[in-house]
Number of protein chains: 2
Amino acid sequence: MAEVRHREAVAVARRLLEAEGEDALSMRRIAAELGIRAPSLYKHLDGKADLELALIIEALEEIGDVLASAAPDLGAMARAYRRYALEHPHLYVLVTQRPLPRERLPEGLEQGAARPLVEAIGDEHRARAAWAAAHGMAILELNGRFPPGADLDAAWAALVAAFGDR
Amino acid sequence: MAEVRHREAVAVARRLLEAEGEDALSMRRIAAELGIRAPSLYKHLDGKADLELALIIEALEEIGDVLASAAPDLGAMARAYRRYALEHPHLYVLVTQRPLPRERLPEGLEQGAARPLVEAIGDEHRARAAWAAAHGMAILELNGRFPPGADLDAAWAALVAAFGDR
DNA sequence: GTCTATAGTGGGATAGAC
DNA sequence: GTCTATCCCACTATAGAC
């Protein structure tokens, strides 16, 4: 099992995803970039899910870092979270908008990404609600679900105010 | 253009989606349920997106009704919203987890679904944040994104408290 | 004119030859 | 390790039955 090919495939996948979006993330495209045929990829990967898992792990680590760097100020953390989502829209969607393959994730990764927010908020349940709120704002913005003229800076500020004033 | 076939196809699509999930929502499956071949469906519909649009419209109307019935109590509205999402998980995902085909939606439908919350909250920006928060909680729960043992009743209560105490 | 079947594109995935 | 060939999926184009 050529470990190198696996890493190469993940790197190509991330580049394609971020540059051209989800539709470009096809086994045929990735294989072509590596100079081989699509079926050959399956000798190095279990399947497309394997590739996506690697991208999910990368992104969760990055999100945890981004939040930790902005902690413990809730406003700064919200801005950092929003910025990450807007700067990596296709990756953010890939990572958040589906069930987590928990059993295949490195030990502690999920908790590590969440820790800065839990510590900044204090209460566990309140922290979950705050994460859900931030994710809701981010994903609805990415999916263009707010009305065209909506002032999203104001909505984010209202969110921070709701969770920060206590 | 047989309008009847269109309605039949939408009804079959909703039944399949709710009963068996997104994967069952294939043109082949729907056509088979109607006793015709998949390509023939395209004479009655523009494509799969046409079918999904009809389901999106149905769901947005239902969500607006559900919120209006629970208004103006924020706790009741949150519980009603969550209940709708949990009772129609595949439909909720289909409707919310992608860009809205706004230009093809009936006039006022989107605003109508949002109105109960805007009126209950008062402030437009705060209402958007509250909707995003509720959507975040609902979609993360549906996608199994909270840790296994998480007390989501408590998280929803924390969310309502954050937006209600004012 | 309304219906249908056939064939072809491009996606994920697999089996088996070399 | 890579290949060809094959299968199922959504979708499109087109020709033809009636």
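Small disclaimer: the values here were computed from a predicted structure and weren't measured.
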Mind checking what makes side chain to side chain contact (heavy atoms under 4.5 Å, CB included) contact with A:His88, not counting sequence neighbours? A:Arg14, A:Glu18, A:Tyr84, A:Leu91
Between atom NZ in B:Lys48 and atom P in C:dG11, what is the gap in whole Å? 17 Å
Hey, does the side chain of B:His44 come within less than 4.0 Å of C:dT2's phosphate (OP1/OP2), counting only N and O? no
Under the rule for salt bridge (Lys or Arg N to Asp or Glu O under 4.0 Å), what residues qualify as partners of B:Glu110, not counting sequence neighbours? B:Arg102
side-chain N/O A:Arg5 vs D:dT2 OP1/OP2, d < 4.0 Å: yes
Could you state the OH-C1' distance from A:Tyr42 to C:dA13, rounded to the nearest angstrom? 5 Å
Tell me what A:Leu34 touches on the nucleic acid: a base, only sugar-phosphate, or nothing, going by heavy atoms under 4.0 Å. nothing
For A:Glu119, which residues count as a side-chain hydrogen bond (donor to acceptor under 3.5 Å, both in side chains) partner, sequence neighbours excluded? none
So, B:Asp123 and B:Arg128, do they make that salt bridge, N to O below 4.0 Å? no
Show the atom names and distances, to 0.1 Å, of all donor-acceptor pairs under 3.5 Å that link a side chain in residues 26-36 of chain A to residues at least two apart or in another chain.
from    : atom 1 : to      : atom 2 : distance (Å)
A:Ser26 : OG     : A:Arg29 : N      : 3.0
A:Arg29 : NH1    : A:Glu20 : OE1    : 3.1
A:Arg29 : NH2    : A:Glu20 : OE2    : 3.1

With sequence neighbours excluded, residues passing salt bridge (Lys or Arg N to Asp or Glu O under 4.0 Å) with B:Arg98: B:Glu22, B:Glu52
Taking CE from A:Met27 and P from D:dC8, how many angstroms apart are they, rounded to a whole number? 20 Å
Please give, in whole Å, the distance from D:dC11 P to A:Asp23 CG? 13 Å
Protein-nucleotide distance (A:Glu3, atom CD; D:dG1, atom C1'), rounded to Å: 16 Å
Using whole Å, report how far CG of A:Leu45 lies from P of D:dT2. 11 Å
Please write out each protein N/O paired with an N/O of nucleotides 3-7 of chain D under 3.5 Å, distance rounded to 0.1 Å.
from  : atom 1 : to      : atom 2 : distance (Å)
D:dC3 : OP2    : A:Arg37 : N      : 2.7
D:dC3 : OP2    : A:Ser40 : OG     : 3.0

Whole-Å distance separating the CG atom of B:Leu41 from the C1' atom of C:dT4: 12 Å
